[in-house]
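Below, read A as the first sequence line, B as the second, and so on, with proteins coming before strands; counting in each chain starts at 1. For clarity, every value in this text was computed on a predicted model and none was experimentally measured.
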There are 2 protein chains.
Amino acid sequence: MPTPKLEDVARHAGVSKTTVSRVLNNRGYLSQKTIDNVNLAISELGYHPNIVARQLLKTKTNLIGILLPTISDPFFGELASLLEKKLYKKGYKVIIGNSTNDASKEIDYLNQLLSKQVDGLIVGTHNQNIAEYRQQNLPIVAIDRIINDDIPIIESDNYKGGVLATERLIDQGAKNIVHTNVSQKESPMQKRRLGYESVMEANNLDGKTYIIDFDIPITKKLDLLDQIFEENPNIDAIFAGNDTDAAFAMQVAQTRGLSIPNDLLIIGYDGTELIRNVLPQLTTIIQPLDNMTDLAVDILEARMSGKQTKKEYIHPITIWEGTTDKPDYNLN
Amino acid sequence: MPTPKLEDVARHAGVSKTTVSRVLNNRGYLSQKTIDNVNLAISELGYHPNIVARQLLKTKTNLIGILLPTISDPFFGELASLLEKKLYKKGYKVIIGNSTNDASKEIDYLNQLLSKQVDGLIVGTHNQNIAEYRQQNLPIVAIDRIINDDIPIIESDNYKGGVLATERLIDQGAKNIVHTNVSQKESPMQKRRLGYESVMEANNLDGKTYIIDFDIPITKKLDLLDQIFEENPNIDAIFAGNDTDAAFAMQVAQTRGLSIPNDLLIIGYDGTELIRNVLPQLTTIIQPLDNMTDLAVDILEARMSGKQTKKEYIHPITIWEGTTDKPDYNLN
DNA sequence: TTGTACGCGTTATCAC
DNA sequence: GTGATAACGCGTACAA
């Protein structure tokens, strides 16, 4: 027998569909006897209401899309995890996609939104120039990503983070500092680079930024990092655009016989809970993910209920004081 | 104006709803002129088909639920990431939930399945005795988890992994080896413990297993690990039930002044890509996640199309040869 | 080659 | 208190 529907329950209980629906939703006036009757029929048949039919009528799915470049990286993993928990508490479930460098996949997810499958979307991907975003009245919130003027951005104080990291390295005597960042020009992550460049310039130092995108294979990342050392024999510090890069750089440096922090200083960015505990020696800029995700959910809800919001929300960063940026560490 | 529907497009193009539907789905015979006409109307109105209405008609959502204890841990992050990629290629999108120790949340997700919101479910959580699983004909696949006799399990060769790790530690001279595992008695992860215990017994050694569940806060995990050292002053090796435990144990040990591998040997379990690159020195048992997720998707599809499957699929493990289990490492 | 009419499972409206 | 009926937006026999 196929899954029972409302009508089957109604027939079984000897009432109308309306009555069953009322029992299901606690609406209207019903005699206790009827209620008991219907509930009995429901459990006897093992009936479960069909969510999809409800969604069609309500034009609301209680589903939120989350689109990230990857979810296996600790930063995005923690981001996704926090968002899911917070959205769940508000009654939403989450459709997640890692769009790994795949613009067509991102477009596909966007079409779902436009097709009323999700009530809202949180984007943290980095593909550019996707026409589908040029729609109206879409409840979207971006994390660390610029989409267009209408879509609010949640981010950490990337510029200040870049400044802080670079200053610390210079304070420790570093002169040949290399930075890693992503290729997407319109990402707020570029502000990390701007902070780095402005401090370098103020100190009359030449800066050099290498591109390491999120969604490339790890082996490729290691190759790129190795190349940095190859091309910069005098390198004495790295300000990595994220902690994964920083951690990989530590490994590559050690493979090449460089000792950290004596031969090479390293500072990362993100400061996820995982990295802080697995690699506590890594000095890094902490993004306040808890606050950022709280806000992302709030702003999304505001947009979904048609409220206006600000365009940009910048969160203060803090620093995790490890030892990878202190060459005198071993002397203590 | 509200979002346009099929009927609006039809009126705009001067044809019937059926014709528009045909154009949308490339079905039946249509004149090129009509096709162009309809497509023009579609783009002029900015029409997008309503997925929910389609789902109702087809009684299929192309949505798969994935239920994991957490997604911020690298193992589950990579698992979720791989599953999402592979399901996407087959035309499915993914609803993800981390059920962090919350049985009611797990039940809630199960009800979604029963409510026809998803076509299938992949479970890797560890909550027990959930009655909702006792349903019939649910397309479910479990990863590293025993649910009931009807639901197939995908797992690595946990027993052999436990044996292998313990033997290696004993070969290096360890005698006081502590193991960590989860509290869920019916998890296949217990086979890691059984492997460990059988080898310990065969060598006339006393084993001791500590419980560290996946979904407790990191600070709590660190406390539990610290307690292990407190209660076992003679400890000379740890076989951690997963790599996160292993990595944290390394940190706690170092904080207590223990040097690895000279004072303490460590072997982990999982061997995710991230940990292999961030902490390559950690010797660990590698689960073939790529194969396991391939199979999980295949088996789920088989179940969804009503085919019978085996009850258990065990994948061979390999070892990542780091240096944390080789006390003579520094002598080389 | 195109159109009509019905059904997917639920809830809202109005009547009794 | 309860029931009949329409409506949500789409796809598909069947007819033309």
Q. Mapping B:L57 and B:T34 to their closest nucleotides on DNA chain C, which lands nearer the 5' end?
A. B:T34
(Q) Between A:N25 and C:dT11, is there a contact of a side-chain N or O with OP1 or OP2 at under 4.0 Å? (A) yes
**Q.** Heavy-atom neighbours of A:K105 NZ exceed 12 at 6.0 Å
**A.** yes
Q.
Tell me whether the side-chain N/O atoms of A:R27 come closer than 4.0 Å to OP1 or OP2 in C:dA12.
A. yes
Q: Tell me whether the OP1 or OP2 atom of D:dG11 has a side-chain N or O from B:R54 closer than 4.0 Å.
A: yes
(Q) So, OP1 or OP2 of C:dT11: does either fall under 4.0 Å of a side-chain N or O from A:S21? (A) yes
Q | Whole-Å distance separating the CD atom of B:Q55 from the C1' atom of D:dC10 | A | 12 Å
Q. What nucleic acid atoms does B:K116 come within less than 4.0 Å of, heavy atoms only: base, sugar-phosphate, or nothing?
A. nothing
Q.
Under 4.0 Å, counting only non-hydrogen atoms across every strand here, what does B:V52 touch: a base, just sugar-phosphate, or nothing?
A. nothing
Q: Could you check how far CD of B:E7 sits from P of D:dC8, rounded to whole Å?
A: 9 Å
Q: For a side-chain contact (heavy atoms from CB on, under 4.5 Å) with A:V23, tell me which candidate from A:D36, A:N37, A:L30 qualifies.
A: A:L30
Q) So, are A:R11 and A:D8 salt-bridged, with charged N and O less than 4.0 Å apart? A) yes
**Q.** Nucleotide of D:dG11, C:dT2, D:dC10 approaching B:A53 most closely (side-chain heavy atoms)
**A.** D:dC10
Q.
Can a donor-acceptor pair be found, under 3.5 Å and without considering hydrogens, that links the side chain of A:S115 to the backbone of B:H48?
A. no
**Q.** Separation of atom CD1 in A:I35 from atom P in D:dG1, rounded to whole Å
**A.** 11 Å
Q) Does the A:S31 side chain pair with the main chain of A:T34, one donor and one acceptor, at a distance under 3.5 Å? A) yes
Q.
So if I apply the salt bridge (Lys or Arg N to Asp or Glu O under 4.0 Å) rule between A:D294 and each of A:K90, A:K86, A:K89, A:K85, which one comes out positive?
A. A:K86
Q) Ignoring hydrogens and angles, are the base of C:dT4 and the side chain of B:T18 linked by a donor-acceptor pair under 3.5 Å? A) yes
Q: Nearest whole angstrom, please: distance from the C1' of D:dG1 to the NZ of A:K33.
A: 12 Å
Q. C:dT4 phosphate, OP1 or OP2: any side-chain N/O from B:S16 under 4.0 angstrom?
A. no
(Q) Using OP1 and OP2 only, check whether a side-chain N or O of A:T19 sits under 4.0 Å from D:dG1. (A) no
Q. Between atom CD in A:Q32 and atom C1' in D:dT2, what is the gap in whole Å?
A. 16 Å
Q) In whole angstroms, how far is the C1' atom of C:dT10 from the CZ atom of A:R22? A) 14 Å
Q | Atom pair distance, as rounded to whole Å: CG in A:L6 and P in C:dT10 | A | 5 Å
(Q) Counting only side-chain nitrogens and oxygens, does B:T59 get under 4.0 Å of the OP1 or OP2 atom of C:dG9? (A) no
Q. Within the pair B:Y29 and C:dG3, is there a side-chain N or O less than 4.0 Å away from OP1 or OP2?
A. no
Q) Expressed in angstrom and rounded to an integer, what is the separation of B:L45 atom CG from D:dG9 atom P? A) 14 Å
**Q.** Residue closer to the 5' end of DNA chain C, B:S31 versus B:L56 (nearest nucleotide)
**A.** B:S31
